[in-house]
Number of protein chains: 2
Amino acid sequence: MDTVRPFSQVLDRLRSAGLRPTRQRMALAKLLFDEGGRHITAEMLHAEAQAESIRVSLATVYNTLHQFTQAGLLREIVVDSQRSYFDSNTTRHHHFFNEQTNELADIPDEMIDIAKVPSAPAGMKIKQVDVIIRVGNL
Amino acid sequence: MDTVRPFSQVLDRLRSAGLRPTRQRMALAKLLFDEGGRHITAEMLHAEAQAESIRVSLATVYNTLHQFTQAGLLREIVVDSQRSYFDSNTTRHHHFFNEQTNELADIPDEMIDIAKVPSAPAGMKIKQVDVIIRVGNL
DNA sequence: GTGTTTGCAAAGTGTTTGCAATTTA
DNA sequence: TAAATTGCAAACACTTTGCAAACAC
């Protein structure tokens with residue numbers, strides 16, 4: 001029942017990704033990983049940081065999100081051609097996307113059963129299977 | 001084996017969508033629907049039109065793509081947070097997305113078997129189920 | 001000290017918008 | 001001729017970049 005993610009764990013995550021644990025990265029990592037399964041855009045994360053009086057530029061938020069994604073700490077979810085969403089849950093799962101509110105919600109992997117998947121075209125390899133269920137008002 | 005889409009059919013499509021069959025819309029509709037299952041961006045369609053000496057502004061291409069989508073003649077496919085793709089095949093099917101070449105390929109509906117789908121959150125309705133298989137080099 | 005990271009402002013990219021001129025019915 | 005549509009250029013939203021100052025080791 002230990003859901004707390006101690007400071008050192010964030011630190012280790014950054015270290016093992018080869019990223020220096022700077023003040024900004026530590027603070028953003030805390031916001032992203034202290035609670036699981038966050039779906040967040042750069043603007044949202046920047047606003048959250050500001051709300052907690054963490055001084056970070058928007059440019060650094062963008063850089064950090066990409067660095068974390070490259071390091072496998074985040075997963076980018078493409079649901080909206082206007083903005084990029086990042087998911088702090090990198091395990092296999094899928095998403096609901098509410099087109100009215102622009103909100104993402106997780107669908108646990110076991111809730112979707114893809115019985116048959118075509119193989120990738122010749123010379124290609126499947127990198128990821130994304131299932132996005134778009135929902136809206138009745 | 002009649003795969004030709006006569007002029008009048010394009011005309012009727014526009015008419016029944018409540019869209020006046022202007023020169024631009026007719027020409028773009030021809031490009032979009034004369035061959036099935038096209039995956040195209042606004043810039044791509046604009047370039048094609050220019051290549052065929054059809055004079056249309058990029059703004060009109062954007063407007064037209066959205067009008068056609070609203071009319072159910074096109075389907076927007078969100079795979080890339082940088083640009084919008086439109087699919088001239090509006091029947092149920094899914095997609096491969098090649099992240100190296102930024103190209104989409106159809107996956108016929110019967111090639112994917114989604115045996116179990118969670119129901120939409122309360123008060124919500126499933127609008128669409130998108131399966132995107134991201135592929136890349138081996 | 002040396003190389004990395006940050007913040008700023010400027011530039012970039014894809015898309016939308018306001019409005020006068022044109023076209024359609 | 002009334003209403004819809006077009007094209008242009010300007011505006012927009014989101015994202016990236018160049019570079020000097022600040023920071024981590």
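Each chain gets a letter, A, B and so on, in the order the sequences are listed, and its residues count up from 1.
In the hydrophobic cluster analysis, where Ile, Leu, Val, Met, Phe, Trp and Tyr join through side-chain heavy atoms closer than 4.5 angstrom, F33(B) is grouped together with L65(B).
If you find the closest nucleotide of DNA chain C to N63(B) and to R23(B), the one lying nearer the 5' end belongs to N63(B).
Rounded to a whole Å, the CG atom of L58(A) is 13 Å from the P atom of dT6(C). A straight line from CZ of R83(A) to P of dT16(D) spans 14 Å, rounded to a whole angstrom. Computed from coordinates, the D80(B) CG to dT15(D) C1' distance equals 13 Å when rounded to whole Å. Rounded to an integer number of Å, the gap from OH of Y85(A) to C1' of dT15(D) is 15 Å. The distance from atom CZ of R55(A) to atom P of dC8(C) is 8 Å, rounded to the nearest whole Å. Distance M26(A) CE to dT6(C) P: 13 Å, rounded to the nearest Å. The distance from atom NE2 of H46(A) to atom P of dA13(D) is 17 Å, rounded to the nearest whole Å.
Between the side chain of R75(B) and the backbone N or O of R92(B), no donor-acceptor pair lies under 3.5 Å.
Remark: Y62(A) is in phosphate contact with dT15(D), judged by side-chain N or O atoms under 4.0 Å from OP1 or OP2. Residue T22(A) has no polar side-chain atom (N or O) positioned under 4.0 Å from OP1 or OP2 of dT5(C).
One cannot find a donor-acceptor pair under 3.5 Å joining the base of dT5(D) and the side-chain atoms of R20(B).
Across all strands shown, the partner of dT22(C) is dA4(D), judged by Watson-Crick or G-U wobble contacts whose two distances both fall under 3.5 Å. Base pairing analysis places dC25(D) opposite dG1(C); the two distances defining the Watson-Crick or G-U wobble pair are each below 3.5 Å.
Under the 3.5 Å distance criterion, with hydrogens and angles disregarded, a donor-acceptor pair is assigned to the side chains of H39(B) and D106(B).
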